[in-house]
Amino acid sequence: MSRNPKLPILDDHFHLDPRGEGTQAVKAFQRAGGTHLIIVHKPYQETPPRTEKEHEDAMRTTLRMAREADEATDVTVHTAVGPHPAELTTNLQAGLTLDEAKEAYRNGLEVARRLIMDHEAIALGEIGRPHYEVPEEVWDASNMLFLEALEIAADADTTAILHTETATPETMETWAGWADEAGLSRQRVVNHFSPPIVDEDKNHGLTPSILASKDSLREALEEGDRFLMETDYMDDPERPGAVLGPKLVPRRTLQFHEAQALSEDAWARIHIQTPQEAYGIDTNT
Ligand SMILES: [Zn+2]
């Protein structure tokens, strides 16, 4: 496959793990034709951070890995930090009360807000709510923290990356309403792991980030081209192949383009205009 040198390729949701491939995975992404990455923070330890200091140490691990990859490759690496929604339930399992777990989560939001205000990261994420079933009181607390996170994103003038249960047009309408309430522009709410819901009547102006599988991409392109592409690469040595590999966004982009299933305009919409609208980043540089 030949690289189209004219246009950039962004993987919108990519994790690095201190025990994983790290920079090597970013090199593989580059060799496949990738040019830009959003590295998203994830929990690295079984017991999630609780104090601000613990959150800051964890998030600085992400910032460090992202900087190392940026320096060691030609890929431009951006970073998102935030307490993962699963941290609330893992802290409960570890014995915290709901109030303590909420406090621990809020500490994470506060540290993320500061790092974003200091321009160390460009987005808040992933935030949202568990994708699995939880007791009603935990669900209510998750929704409250979800809304608080959107308010913090608005306050920090940044983008929120959502981790949630599989989105539907109904839930997207709800989250769009929450974004309005928080004062966060809808396009700055990126729906990670989104089904191919690209029609704006259905996603209500949120920015869908769609898995780079063949079927998802094909379905997405039937509805339009205002979306982002992602692998959700986990870099987890204990779960190799649990998700898509690091090369898939560039591979799929080039493959669809060569098969004339992705025009240059659509390519630019996915990898230049939509990242600009969602994150304020310029992937032409
Ligand atoms: Zn993720």
Side-chain angles (χ1 to χ4, degrees), residues 10-22 25-26 28-29 34 36-46 48-49 55 58-59 61-63 65-66 69 75 77-90 105 108-109 111-112 115-116 121-132 142 145-146 149-150 153 158-167 171-172 175 188-197 206-213 216 227-249 252 275 278-279 281:
L10 168 79
D11 186 332
D12 176 59
H13 200 103
F14 198 101
H15 296 285
L16 293 178
D17 193 302
R19 301 156 303 165
E21 301 272 311
V26 177
F29 171 74
H36 291 71
L37 282 176
I38 311 277
I39 301 290
V40 184
H41 176 69
K42 67 168 181 170
Y44 300 115
Q45 280 164 339
E46 236 163 89
H55 279 290
M59 289 177 196
T61 300
T62 303
L63 296 174
M65 290 187 295
V75 175
V77 179
H78 298 286
T79 316
V81 289
H84 195 286
E87 291 182 22
L88 188 76
T89 55
T90 41
Y105 193 85
L109 287 175
V111 171
L115 291 170
I116 292 161
I122 65 155
L124 178 67
E126 44 202 292
I127 56 99
R129 62 190 186 191
H131 62 270
Y132 41 85
S142 297
L145 294 167
F146 187 166
L150 294 176
T158 194
T159 304
I161 300 171
L162 305 190
H163 172 105
T164 58
E165 79 279 18
T166 304
T171 55
M172 288 173 122
W175 303 331
R188 300 195 77 180
V189 178
V190 173
N191 184 39
H192 151 56
F193 219 86
S194 181
I197 304 176
L206 305 185
T207 299
S209 182
I210 289 165
L211 222 54
S213 76
S216 293
F227 62 89
L228 300 164
M229 283 170 71
E230 66 170 58
T231 51
D232 197 21
Y233 176 68
M234 295 298 289
D235 202 23
D236 185 344
E238 278 152 39
R239 292 165 49 200
V243 280
L244 307 180
K247 301 177 198 161
L248 205 67
V249 167
R252 204 62 88 204
Y279 294 103
I281 58 173

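Starting from 1, each residue takes its place in the sequence as its number. Whatever order the structure lists ligands and atoms in, that order sets their numbers, starting from 1.
The main-chain N or O of Ser213 is never found under 3.5 Å from a side-chain atom of Ser216 such that the two would form a donor-acceptor pair. Side-chain atoms of Asn191 never come within 3.5 Å of backbone atoms of Ala167 as a donor-acceptor pair (strictly under, hydrogens ignored).
Taking 2.8 Å as the threshold, His13 counts as a candidate ligand of the Zn ion (ligand 1), since one of its N, O or S atoms lies below it. With a cut-off of 2.8 Å, the Zn ion (ligand 1) has no N, O or S atom of His163 in range.
Shortest distance from the Zn ion (ligand 1) to His15 is reached at NE2 (N/O/S atoms only). Looking only at its N/O/S atoms, Glu126 has OE2 as the one nearest to the Zn ion (ligand 1).
With sequence neighbours excluded, the residues forming a salt bridge (Lys or Arg N to Asp or Glu O under 4.0 Å) with Lys42 are Asp17, listed by chain and number.
By the 30° and 60° cut-offs, the orientation of the rings of His163 relative to His192 is tilted.
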